[in-house]
Q: 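There's a structure below that I have some questions on.
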Amino acid sequence: MRKYKVAAIITKLELGGAQEIVIYITENLSRDRYSPILISGCGGILDGEVKNNPKIKPFFIPELIREVNPIKDAITLMKIWRFLKSERVDLVHTHSSKAGILGRWAAHFAGVPHIFHTYHGFGFNEYQKWWIRKAFIWLERVTARITDRLIVVSSENVKKGMANRIGKEGQYEVIHCATNIKAFSEIKIDFDQKKREFGIDPESPVVAMIACFKPQKAPQDFIFLAHRVSQVLPSTRFLLVGDGELRSKVEELIGRFKLKGKVILTGWRRDVPEIMQIIDVLVLTSLWEGLPIVFAEAMASGKPVVATAVDGAKEAIIEGVNGFLVEPHNIEKFAERIIRLIKDRNLAQKMGSEGRKMVYPTFDFAHMLKRIKALYEKSTINS
């Protein structure tokens with residue numbers, strides 16, 4: 001049985017759910033059946049780890065960036081095309097919007113027999129200028145025509161894709177985002193010591209959000225709700241795990257509301273499983289999403305979630321069962337739900353327990369990989 005060369009392509013190896021999934025798939029594809037390659041832009045936090053990972057064959061393209069840049073985009077297209085031709089790649093699987101467009105067209109021009117794309121949420125949204133949104137939708141429509149499989153992380157994404165005439169229903173496959181459940185469910189830590197690491201009193205309740213500081217995630221809303229909750233429960237502490245372009249605006253709000261010492265900006269962290277153990281409520285204030293991996297991480301950790309009711313959120317968070325869903329920017333309702341969970345520890349524990357029951361196997365890495373491999377096998381065997 002011959003080996004098939006599979007190239008995963010992603011825009012940037014920053015800390016995020018899509019990146020974790022791409023790296024996991026690349027590491028764990030059967031080497032007796034597949035020869036995987038990972039193609040990415042440069043400058044991500046995970047670049048060094050990938051370069052030093054003996055299980056991964058990386059190819060970095062400096063010109064592959066998130067922003068639209070006609071010259072760099074043309075160079076990226078040419079470099080990916082040349083690489084795919086020289087490596088004689090059998091299957092390309094793209095992730096993220098920019099890499100998804102350029103990677104799929106490069107694969108098409110290179111004559112790659114099988115082209116897959118995973119939408120970790122669409123690149124267009126209602127908050128963009130209308131002409132930008134229309135342009136992105138058009139690009140997705142025409143690129144879907146050269147794509148064999150469109151993988152989405154939630155059923156809501158299928159509805160959104162079909163509503164915008166992107167691809168055909170038969171092209172879509174729902175495979176929920178996943179995580180290493182055991183890394184979150186079986187970890188043991190010293191709770192008091194971990195809290196003191198962030199300057200938090202062991203008796204203080206902790207509310208956390210884990211996200212990049214970019215407009216999609218609306219991190220300023222987290223500061224607004226922290227202000228509101230702290231007015232009622234002043235001993236509560238708030239962890240904002242991540243970093244990004246909106247950091248200065250976040251810091252400005254922390255200063256304005258006199259929340260220094262109450263809101264702790266941790267920066268990017270690699271100890272998220274440990275951090276999950278010390279929190280009481282996981283929050284996500286996103287304006288749009290696919291289905292964020294942090295939901296699975298919170299569920300595996302036995303923590304209730306309060307998040308915005310956008311896109312695939314309701315496929316992981318069942319209202320009143322393992323968390324609460326709130327409309328974007330509804331700070332009062334966010335605060336009310338968080339305060340309720342902090343005051344009612346029995347409710348919080350019950351919701352956390354329900355989340356643990358729901359997370360496996362749907363949101364487990366092994367389950368996700370099994371389903372992706374099945375799609376690969378179906379394509380390559382029938383070719």
Side-chain angles (χ1 to χ4, degrees), residues 15-21 24 153 176-198 200 202-212 217 222 229 236-242 264 266-286 289 291-308 312-325 334 337-338 340-342 344-368:
L15 281 174
Q19 290 76 11
E20 286 185 40
I21 288 169
Y24 180 83
V153 296
H176 291 101
C177 61
T179 191
N180 181 352
I181 290 176
K182 288 185 177 180
F184 289 86
S185 63
E186 297 182 0
I187 189 169
K188 305 295 181 185
I189 67 165
D190 183 324
F191 292 90
D192 291 357
Q193 182 179 335
K194 194 65 182 178
K195 279 191 170 184
R196 291 192 184 99
E197 183 180 324
F198 296 103
I200 299 172
E203 298 302 315
S204 294
V206 179
V207 177
M209 185 162 98
I210 302 169
C212 182
K217 304 293 184 178
F222 184 78
V229 171
T236 305
R237 295 297 178 260
F238 304 86
L239 287 177
L240 194 45
V241 182
I264 299 144
T266 72
W268 291 114
R269 303 281 299 202
R270 301 312 310 274
D271 57 346
V272 172
E274 294 181 20
I275 291 173
M276 277 288 185
Q277 297 304 306
I278 66 169
I279 74 173
D280 296 274
V281 183
L282 188 282
V283 168
L284 194 62
T285 56
S286 299
E289 283 285 359
L291 199 165
I293 199 171
V294 74
F295 287 168
E297 294 171 346
M299 291 161 70
S301 303
K303 305 298 177 178
V305 177
V306 181
T308 44
K314 63 184 179 182
E315 292 174 42
I317 310 305
I318 309 303
E319 174 68 21
V321 177
N322 64 324
F324 294 113
L325 294 173
F334 252 116
R337 295 290 191 255
I338 293 166
R340 181 179 171 187
L341 285 168
I342 292 174
D344 191 342
R345 294 299 178 95
N346 289 332
L347 175 62
Q349 289 176 2
K350 183 181 177 182
M351 285 188 166
S353 296
E354 290 299 321
R356 280 187 189 271
K357 295 176 187 176
M358 295 163 56
V359 73
Y360 186 84
T362 305
F363 300 100
D364 182 57
F365 265 157
H367 179 74
M368 175 199 71

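Predicted model, so just to flag it, every value in this text is computed and none were measured.
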Q: Hey, does Met351 have a side-chain heavy atom less than 4.5 Å from the side chain of Phe324?
A: yes

Q: Working to the nearest 0.5 Å, report the span between NZ of Lys303 and OG of Ser353.
A: 10.5 Å

Q: Test of understanding: with side chain to side chain contact (heavy atoms under 4.5 Å, CB included), list the residues that count as partners of Pro202, not counting sequence neighbours.
A: Asp192, Arg196

Q: I need the minimum non-hydrogen distance between Thr266 and Val241, along with the two atoms involved.
A: OG1-CA, 3.2 Å

Q: With sequence neighbours left out, what residues match Glu20 under side chain to side chain donor-acceptor pair (under 3.5 Å)?
A: none

Q: Are Val229 and Phe238 side-chain neighbours, meaning at least one heavy-atom pair lies under 4.5 Å?
A: yes

Q: Heavy atoms, side chains only, cut-off 4.5 Å: are Pro304 and Arg337 in contact?
A: no

Q: Sort and list the pairs that fulfil salt bridge (Lys or Arg N to Asp or Glu O under 4.0 Å) and have at least one residue in residues 351-366, not counting sequence neighbours.
A: Glu354-Lys357

Q: Is the count of non-hydrogen atoms from other residues, nucleotides or ligands lying under 6.0 Å from Tyr24 atom OH greater than 12?
A: yes

Q: Check side chain to side chain contact (heavy atoms under 4.5 Å, CB included) between Arg237 and all other residues, then give those that pass, not counting sequence neighbours.
A: Ile200, Ser204, Lys262

Q: As an exercise, state the distance from CD1 of Ile278 to OG of Ser301, rounded to the nearest 0.5 Å.
A: 11.5 Å

Q: Do side-chain atoms of Asp280 reach the backbone of Val207 as a donor and acceptor pair under 3.5 angstrom?
A: no

Q: Name all residues meeting the salt bridge (Lys or Arg N to Asp or Glu O under 4.0 Å) criterion together with Lys182; count only those two or more places apart in sequence or in a different chain, and write none if there are none.
A: none

Q: If you compare all heavy atoms of Met368 against all heavy atoms of Ala178, which two are closest, and at what distance to 0.1 Å?
A: CB-CB, 3.8 Å

Q: Sequence neighbours excluded, which residues qualify as side chain to side chain contact (heavy atoms under 4.5 Å, CB included) partners of Ala208?
A: Leu239, Ile279

Q: Side chains of Leu347 and Leu341: does their closest heavy-atom pair fall under 4.5 Å?
A: yes

Q: For the pair Asn322 (side chain) and Ala316 (backbone), establish whether a donor and an acceptor sit closer than 3.5 Å, ignoring hydrogens and angles.
A: yes

Q: With rounding to the nearest 0.5 Å, note down the distance linking CE in Met299 to OH in Tyr360.
A: 14.0 Å

Q: State, yes or no, whether a side-chain contact exists between Gln19 and Leu15 at a heavy-atom distance under 4.5 Å.
A: no

Q: Identify the heavy atoms of Gln277 and Phe191 that sit nearest to each other, and give their distance.
A: O-CE2, 3.1 Å

Q: Excluding sequence neighbours, so at least two apart, what forms side chain to side chain contact (heavy atoms under 4.5 Å, CB included) with Pro273?
A: Phe184, Ile187

Q: Scan residues 267-279 for pairs that pass salt bridge (Lys or Arg N to Asp or Glu O under 4.0 Å), counting only residues two or more places apart or in two chains.
A: Glu49-Arg270, Lys194-Asp271, Lys194-Glu274, Glu197-Arg269, Arg269-Asp271

Q: Calculate, to the nearest 0.5 Å, the distance between atoms CD1 and SG belonging to Ile293 and Cys177 respectively.
A: 6.0 Å

Q: Please report the closest heavy-atom contact between Arg345 and Pro205, naming both atoms and the distance.
A: NH2-CB, 4.0 Å

Q: Val305 and side-chain contact (heavy atoms from CB on, under 4.5 Å): which single residue from Val281, Leu284, Leu282 fits?
A: Leu282

Q: Can you name the closest pair of heavy atoms from Thr362 and His176 and give their distance?
A: CG2-ND1, 3.4 Å

Q: Given side chains that start at C-beta, do those of Met209 and Val294 come closer than 4.5 Å, heavy atoms only?
A: no

Q: Could you pull out all residues at least two apart from Ser286 that satisfy side chain to side chain donor-acceptor pair (under 3.5 Å)?
A: Glu289

Q: By ring pair (Phe, Tyr, Trp, His ring centres under 6.0 Å), which residues pair with Phe334, not counting sequence neighbours?
A: none

Q: Do side-chain atoms of Thr179 reach the backbone of Phe365 as a donor and acceptor pair under 3.5 angstrom?
A: no

Q: On a heavy-atom basis, which atom in Ala313 and which in Thr308 lie closest, and how many Å separate them?
A: CB-O, 3.5 Å

